[in-house]
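In what follows, chains are A, B, ... by sequence order, proteins preceding strands, each numbered from 1.
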Amino acid sequence: MDTSSDSDDDKPLLARRVPVKKEMEVHAAVKPMDDDSDDDKPLVDRKPFKTYVRKDSLKKNALMADTASPKRAAQAQASAPPEKKLKVSPSFVGKSRVKEELSDDDDDEDDVPIAQRKPSISSIKKTVLVQQKTKASSSSGCSANAAKKFLEKAKAQKLLKKKKVVKVTITKTKKEPGSGEGQKWQTLEHNGVIFPPPYESHGVKMLYDGKPVDLTNEQEEVATMFAVMKDSDYATKPKFLKNFWEDWKAILGKGHVIKKFELCDFTPIYDWAQAEKERKKSMSTEEKKRAKEEKLKAEDKYMWALVDGVKEKVGNFRVEPPGLFRGRGDHPKMGKLKTRIMPEEIVINIGKDAPIPECPIPGCRWKEIRHDNTVTWLAFWNDPINNKEFKYVFLAPSSNLKGQSDMQKYDKARVLKDYIADIRKTYTMDFSSSDPTRKQIAVATYLIDRLALRAGNEKDEDEADTVGCCSLKVEHVTLIAPNSLQFDFLGKDSIRYFNTVEVEEKVYKAIGQFKKGKAEGKDLFDKLDTTKLNLHLKAIMPGLTAKVFRTYNASITLDKLLQDTSGDTTIEKIADYQRANKEVAILCNHQRSISKGHGAQMERLEGKMTEMEALLEELEVDLDRAKKGKPPLKDSDGKVKKNQNPEALEKKIAATRQKVEKMRLDMRIKDDLKTVALGTSKINYMDPRITVAWCKLHEVPIEKIFNKSLLAKFAWAMEVEPDFRF
DNA sequence: CGCTAAACTTAGAATGTTTGTG
DNA sequence: CACAAACATTCTAAGTTTAGCG
């Protein structure tokens, strides 16, 4: 595989992450790793197989049956034995309790209002269960000695391995904690959402044509939103300015003195805001702490929900404050006013028997109260920028509900593993299909599989113009003879995907054919959209959709790369992990912008480096002279250096050399990673069980890899065996 | 079906906090 | 101890997929 040349593959792989503006040569393809080692041989050589859906693989997958659709679930279960079991370690059941311990260490006041309420019947059962299990599994706590415990446990696990594996098997169905069809919960209590404070006027007057102007509160509020963005990139974008001006003008009203945007001077407001920032920064740590505590106390009741009697963290309980829309990339709506959301616009979802949260703004009421236990949201409102869309309030990633569905996501990807060989064979055959739709599906699937492209839905006129696989346009792919393709397009978040890959002859030809006779701007895959593609994928494997390939390839790549890590010390092991993580991030094209201090930081390191090298040279001279018995030279201040024996000098030289080497390496890593975002794949793509297992096997404390949030989010994955393979 | 509405996952930037270093 | 760099958290935009309807 082309991913194998470990020593120098960093460079070519990295070369792809090109900052959007710069052009750069691309040297190599990034390909997902997998264990199917014959995969890069011409796929044609493989024996074809008969049908899409193989009976033997169908039955593997009761668990794939799709969560949301009762109908499909029923079908899936009809064709597949429902007694498919899912292994769950005992502590899984007690997870929510463990999770709380994990995330609660900063405020142990569990019994805030919400928790005081009587638990529902089902929750009593659950709580008992939870408490029983807690003792057995309390090892994944996040306390000071957690790392030690983790290691001890890992060691024990390693030794005993097969022995005490008390696996509880539960029947896996689509139903979540609750029981009915598509039910997500039985009881749900929460306190609604918290609103941003009302606008407080600062009374600072902006200038119009050089003269101060009076503004109403509302006018001033919007002017301030704009003023404070002076230093951001948006302030230079014409579209942003235009959209802001349009919305603000409307608020100013017809007869207002302010007529022309060009005559507006917001600097007084900007200066005030800067001063305000400064003032806040200069508050004593005491004051800051106090303010923070107060805020926390006021918000505490909104932070938690009771789901089936279990206290769970709420994700985004804060209603988004008004502001100017910050769309990414070339977004047609950037700069538009995102208006303040009022309680009257908010729909609350809550258990039938739960008290309805009091509306925090006096004299207001909620838009609607629902009791829908087939969904997981606690509240939503219409997005003021795009009224057809919604903003939801969900539980935090550490919640049971989210954890369950996260695990299902990875389990689904693991099922794909059983199908992937056949899927690859099939699409390879279909590269030469005479049915044009089939051919396009084959090529699209190939790209999604090998390049980890996203599905690529159609986008509206009023969104940034970005694409994914199905929505690729003719100009996004260039043929490079003899058989390479160059991709250059803006994907999600307007992040550039720029990559040149060698592909199979047939793919190369097919792309050429798809492009032929089409003008720029035309769809490369004209017979295809994500719905059709996913429909096709579902026919191959229950629950299979385009995004599963990304999860699969990310996880399998991590799994593979972690197989042969060589680090001895913990530090080296962590570096090994990060290297693997980096590969995955590159595969998924996860980028970040170069931090603003990066250039300067590198220069500073460069300077230090030169310094050290100079020192090294000086030491060599000293050594030389010392060996010959000559007295040492004067140092830079003109003083005579103290005499040193050759042994000491040699030691010092060796140490310095080592330091220089380490620095060189650090610098390279820093530079390599300047545009690579490792976090996204860790949070969303790499099965945490791979990481946990690897940590156990290599006796690396899991805390070195997962921060507090991730530990809480991945509580469900903590008990895997050290020999877990994705 | 093909469309739109709805619900949920994934994403990078911005902001806040901790840690390392001189 | 001051400052910056690293790291963690928050924020909300931008995707994917599913549901439901005519």
Next on the checklist: Can a side-chain donor-acceptor contact be found between A:Thr376 and A:Tyr392 if the only test is distance below 3.5 angstrom?
Outcome noted: no
Checklist entry - If you look at every strand shown and take non-hydrogen atoms under 4.0 Å, does A:Lys492 touch a base, only sugar-phosphate, or nothing? => result base
Checklist entry - Taking for each residue the nucleotide of DNA chain B with the nearest heavy atom, is it A:Ser232 or A:Tyr410 whose nucleotide lies nearer the 5' end? => result A:Tyr410
Checklist outcome for this item: Under a 4.0 Å heavy-atom criterion, DNA chain B is touched by chain A from B:dA5 to B:dG22
Checklist entry - Which residues, if any, of residues 460-470 of chain A bring a heavy atom under 4.0 Å of DNA chain B? => result none
Checklist entry - Think A:Arg604 has a side-chain N or O under 4.0 angstrom from the OP1 or OP2 of C:dA5? => result yes
Checklist entry - Base, sugar-phosphate alone, or nothing: which one does A:Lys292 contact when heavy atoms must sit under 4.0 Å apart? => result sugar-phosphate
Next on the checklist: If the condition is ring-ring contact (aromatic ring centres under 6.0 Å, His included), which residues does A:Phe240 pass it with, not counting sequence neighbours?
Outcome noted: A:Tyr234
Next on the checklist: Base, sugar-phosphate or nothing for A:Asp493? Non-hydrogen atoms, less than 4.0 Å.
Outcome noted: sugar-phosphate
Next on the checklist: Need one value for A:Pro397: base, sugar-phosphate or nothing, where a base atom within 4.0 Å counts as base even if backbone is also close, heavy atoms only.
Outcome noted: nothing
Checklist entry - Contact class for A:Arg328 vs. all strands (heavy atom < 4.0 Å): base, sugar-phosphate, or nothing? => result base
Checklist entry - How far does CZ of A:Arg328 sit from CD of A:Glu463, to the nearest 0.5 angstrom? => result 14.0 Å
Checklist entry - Charged N to carboxylate O under 4.0 angstrom, A:Lys297 versus A:Glu294? => result no
